[in-house]
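Both backbone and side-chain heavy atoms feed into the values below; hydrogens, waters and symmetry mates do not. Residue numbering restarts at 1 for every chain, and letters A, B, ... go by the order of the sequence lines. Just so it is clear, the structure is predicted and the values come from calculations on it, not from any experiment.
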2 protein chains.
Amino acid sequence: MATMVDVCRLAGVSKATVSRVLNNTGPVKESTRQAVYEAIQTLNYRPNGLAQALASHRSDTVGLILSNFTGSYFGTLLRQATRSADEAGKQLIVTDGHDDPKRELDAVNMLVDRRCDAIVLYSRHMPDDQLVQLIRELPVPLIAMNRYLQAIPDRSIALAQVSAAHMATEYLLNLGHRRIACITRPVHQPTAQARLQGYREALLARGVKVEETMIEEGANTIPSGYEACKKLLDRVSFSALVCFTDYMAEGAYRALSEKGLRIPDDVSVFGFDDAPVAAYMVPALSTIHVPIEEMTRTAFEQAVRLAAGKEAPPIAPFQGRMVLRESVSVVRKN
Amino acid sequence: MATMVDVCRLAGVSKATVSRVLNNTGPVKESTRQAVYEAIQTLNYRPNGLAQALASHRSDTVGLILSNFTGSYFGTLLRQATRSADEAGKQLIVTDGHDDPKRELDAVNMLVDRRCDAIVLYSRHMPDDQLVQLIRELPVPLIAMNRYLQAIPDRSIALAQVSAAHMATEYLLNLGHRRIACITRPVHQPTAQARLQGYREALLARGVKVEETMIEEGANTIPSGYEACKKLLDRVSFSALVCFTDYMAEGAYRALSEKGLRIPDDVSVFGFDDAPVAAYMVPALSTIHVPIEEMTRTAFEQAVRLAAGKEAPPIAPFQGRMVLRESVSVVRKN
DNA sequence: CATGAAAATGAAAACGGTTACAGAAATATG
DNA sequence: CATATTTCTGTAACCGTTTTCATTTTCATG
């Protein structure tokens with residue numbers, strides 16, 4: 001590949017000048033600018049990004065770490081992330097946290113070693129305190145998605161999880177349901193804990209006893225939702241089911257159907273996330289819409305702001321929104 | 001951040017020695033090795049990846065470009081890609097082609113500029129000839145997924161699309177179906193054309209006339225499958241439907257259900273890709289399984305091989321496999 | 001104890017750019 | 001026309017590593 005000195009030779013100028021026309025920094029006479037452009041053309045020269053980044057201390061890159069590559073809104077998030085990075089003129093590097101706090105840390109370090117200008121970390125697994133410490137120590141700005149870190153509200157993007165789960169549960173209660181089962185995500189995840197808390201609080205507020213047998217853990221996949229629902233069906237009876245993930249609701253649909261139960265006539269189902277599929281399920285799934293695009297955009301804007309050394313405001317938690325479709329109705333039996 | 005010379009000073013050695021202990025290249029006395037390690041520890045030193053890559057001409061990075069971040073097996077592909085990269089000790093950089101050949105090219109260039117050791121490009125849009133030329137000119141090995149490029153069979157990973165679509169269509173014919181509608185992906189995509197060819201050939205082989213009104217174009221999303229199916233229902237009658245994407249089949253399910261049509265009693269539905277959801281749809285979707293993990297693994301192994309300068313064998317097209325579930329039955333009406 | 005081989009280390013030149021600084025050329029000003 | 005500005009350009013240091021090559025140390029050997 002042609003290098004900058006090749007261009008220099010051909011255009012008969014110095015490296016400084018070539019750099020100037022490349023980056024539009026400093027004045028260059030029109031004629032020499034043309035000469036440089038021509039040399040670049042004929043040599044098919046492209047600047048070496050590594051060298052540029054090394055010399056300029058900017059890589060124009062922002063790293064994105066996902067806890068893994070499954071989950072309802074992962075596609076949506078990724079799409080918005082590329083869009084946001086694009087708009088900011090940054091290149092996006094996506095990496096996988098392999099669902100493991102240690103691997104997430106590895107990923108962060110890799111991105112730091114690659115001198116990303118900023119990092120966005122969507123972590124389901126790293127404990128809050130560790131995350132805070134990491135952010136404090138890191139030489140690069142890091143934005144944590146899926147967290148509310150009160151110690152550093154300018155570095156975290158969160159959904160008001162408790163109230164969202166509360167809302168869904170309360171809605172079912174208002175329809176007369178009392179036996180409301182729940183398929184949660186792995187309970188060691190902070191997010192899952194918050195949603196469970198909302199679920200519990202809503203029940204208790206109505207004086208409905210929370211039965212632990214009504215709660216089953218899934219893994220945020222369709223099969224795990226299917227299995228969890230089957231276990232629930234074998235164990236308890238319920239007139240409503242809230243799933244902490246639309247994917248798991250999809251699995252639950254199948255399990256219910258296999259038992260000959262109709263939705264919502266026999267069982268009302270509430271999802272979470274408002275995945276693209278939700279509106280097209282049969283019956284269409286009522287769910288909590290998570291403004292994932294907005295959250296992602298905010299995360300990147302904040303990341304870019306911080307990377308530029310600008311002041312960045314604290315970010316309030318985002319609110320979920322109920323989307324009512326066909327999968328929920330008033331209780332018919334109990 | 002501490003740099004290598006800081007380590008040098010503290011450990012009282014030269015850069016060459018530090019580099020030696022870092023990379024295990026060349027002999028180092030045990031005592032000095034320890035000294036260096038200690039210095040690294042206390043300084044919390046981490047080598048600058050950019051500088052390393054620049055000096056060593058290796059970045060230990062492989063780039064992956066996806067035509068976009070939607071599609072049935074995109075998650076699966078990504079998961080396998082991270083696994084494969086990991087196993088090869090490479091870092092993975094994922095980028096978005098924005099469903100546009102020009103943007104795909106941009107992405108390739110960006111990765112080249114970043115000095116990836118190899119590139120895997122899953123392209124739905126770039127024309128074959130342009131792709132071949134690109135691969136030939138590029139200073140980095142590039143593997144094209146989703147293509148069979150006979151000119152460079154060691155650089156392309158393909159599914160035998162024609163025979164896969166043929167197989168599905170023929171199966172429906174064998175069940176007595178004659179009016180078989182089709183929801184295709186955008187026909188400008190090489191993949192879609194190949195699948196359509198298989199569909200047509202199968203029909204013609206049985207003397208069934210191909211009616212263009214039976215073919216509707218979708219965009220590889222659930223909503224587009226829904227819309228396409230509605231159009232078909234308004235326009236023609238059919239006893240079977242083949243969808244070139246499981247996602248579009250999901251949309252079609254909804255459209256059929258809204259018309260009060262039962263699957264498979266009134267309409268048999270055949271999908272394509274064997275997305276994770278397929279087995280859990282109600283009724284479970286019969287589809288063509290695409291060995292996407294195997295293909296991805298092969299792509300990365302080949303990429304790594306080429307990056308290492310090793311000889312790499314040509315790769316034969318992979319075969320789709322029918323997965324029969326509940327969505328297909330013998331024709332009942334016609 | 002001299003000697004040669006092997007082991008350990010350092011000096012310095014890359015890698016391919018950016019950038020501070022200074023000098024030269026062009027232009028404006030009185 | 002001399003001088004002060006402004007515009008343009010080049011020199012050279014630097015970014016943080018790797019790597020070649022030469023040199024020094026160490027050690028076994030006769």
Side-chain angles (χ1 to χ4, degrees), chain A residues 1-37 39-40 43-61 91 109-117 139-140, chain B residues 1-37 39-40 43-61 91 109-117 139-140:
Chain A
M1 301 195 68
T3 137
M4 187 180 244
V5 306
D6 298 326
V7 176
C8 293
R9 263 196 287 274
L10 189 55
V13 297
S14 73
K15 292 199 289 177
T17 300
V18 174
S19 177
R20 280 188 201 101
V21 346
L22 238 42
N23 306 309
N24 265 317
T25 155
V28 176
K29 205 202 301 179
E30 192 50 31
S31 59
T32 62
R33 184 187 302 276
Q34 287 309 325
V36 171
Y37 277 143
I40 288 176
L43 290 173
N44 197 15
Y45 164 77
R46 298 191 57 95
N48 182 326
L50 298 176
Q52 288 185 309
L54 180 60
S56 66
H57 302 283
R58 281 179 300 98
S59 61
D60 281 335
T61 281
Q91 278 296 347
N109 283 326
M110 168 262 181
L111 291 174
V112 171
D113 292 347
R114 287 252 186 303
R115 294 301 184 271
C116 280
D117 296 339
V140 193
Chain B
M1 301 198 68
T3 138
M4 189 178 243
V5 305
D6 298 325
V7 176
C8 292
R9 264 196 285 275
L10 189 55
V13 297
S14 72
K15 294 198 286 178
T17 299
V18 174
S19 177
R20 279 187 200 102
V21 347
L22 239 42
N23 307 309
N24 266 317
T25 154
V28 177
K29 207 202 299 178
E30 191 51 30
S31 59
T32 63
R33 183 185 302 275
Q34 286 308 325
V36 171
Y37 278 144
I40 289 176
L43 291 172
N44 197 15
Y45 164 77
R46 298 189 57 96
N48 181 325
L50 297 177
Q52 287 185 308
L54 180 59
S56 67
H57 303 282
R58 281 179 300 98
S59 61
D60 280 334
T61 281
Q91 278 295 346
N109 283 327
M110 168 262 179
L111 291 173
V112 171
D113 293 347
R114 285 253 186 302
R115 294 299 185 272
C116 279
D117 295 339
V140 193

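Summarising the geometry, atom OG1 belonging to T61(A) is positioned 5.5 Å from atom CE belonging to M110(B); distances are rounded to the nearest 0.5 Å. The CE atom of M1(A) lies 8.0 Å from the CG atom of N48(A); values are rounded to the nearest 0.5 Å. Distance OG1/T3(B) to CZ/R9(B): 8.0 Å, rounded to 0.5 Å.
Here S14(A) does not reach the OP1 or OP2 of dT9(D): none of its side-chain N or O atoms lies under 4.0 Å away. Contact check, T25(B) against dT18(D): no side-chain N or O comes under 4.0 Å of OP1 or OP2. Proximity of S19(B) to the phosphate of dT17(D): no side-chain N or O atom is located under 4.0 Å from OP1 or OP2.
Put simply, CG on L50(A) is 22 Å from P on dC14(D), counting in whole angstrom units. At whole-Å resolution of the value, CG in L54(A) and C1' in dG16(C) are 9 Å apart. Per the geometry, CG belonging to D113(A) stands 13 Å off C1' belonging to dG16(D), to the nearest Å. Between E30(B) atom CD and dT26(D) atom C1' the separation is 16 Å, expressed in whole Å. One atom, CZ of R115(B), and another, P of dG17(C), lie 7 Å apart when rounded to the nearest Å. When rounded to the nearest whole Å, the span between CG of L22(A) and P of dG16(C) equals 15 Å. Rounded to an integer number of Å, the gap from H57(A) NE2 to dT17(D) P is 12 Å. Note: CG (D6(B)) to P (dC15(D)) measures 11 Å, nearest angstrom.
Both R20(B) and N48(B) lie near DNA chain D, and the one whose nearest nucleotide falls closer to the 5' end is N48(B). Between T32(B) and Y45(A), the residue whose closest nucleotide on DNA chain C is further toward the 5' end is T32(B).
Here T3(A) lies in heavy-atom contact (under 4.0 Å) with sugar-phosphate atoms only. Using a 4.0 Å heavy-atom criterion, one finds that P47(A) contacts the sugar-phosphate atoms exclusively. V13(A) comes within contact range of the sugar-phosphate backbone alone, with a heavy-atom separation under 4.0 Å but no base atom that close. Within the nucleic acid shown, S56(B) comes within 4.0 Å of sugar-phosphate atoms alone, with no base atom in reach, counting heavy atoms only.
The closest side-chain heavy-atom distance from I40(A) to L22(A) is below 4.5 Å.
The side chain of P27(B) sits closest to dA8(C) out of dT17(D), dA8(C), dT9(D). Each of dG16(C), dT19(C), dG16(D) was ranked by its minimum atom distance to the side chain of A55(B); first place goes to dG16(D).
With hydrogens and angles ignored, no donor-acceptor pair under 3.5 angstrom links the side chain of R46(B) to the base of dG16(D).
In summary, of the residues considered (V28(A), L10(A), V13(A)), a side chain to side chain contact (heavy atoms under 4.5 Å, CB included) with V36(A) occurs for V13(A) alone.
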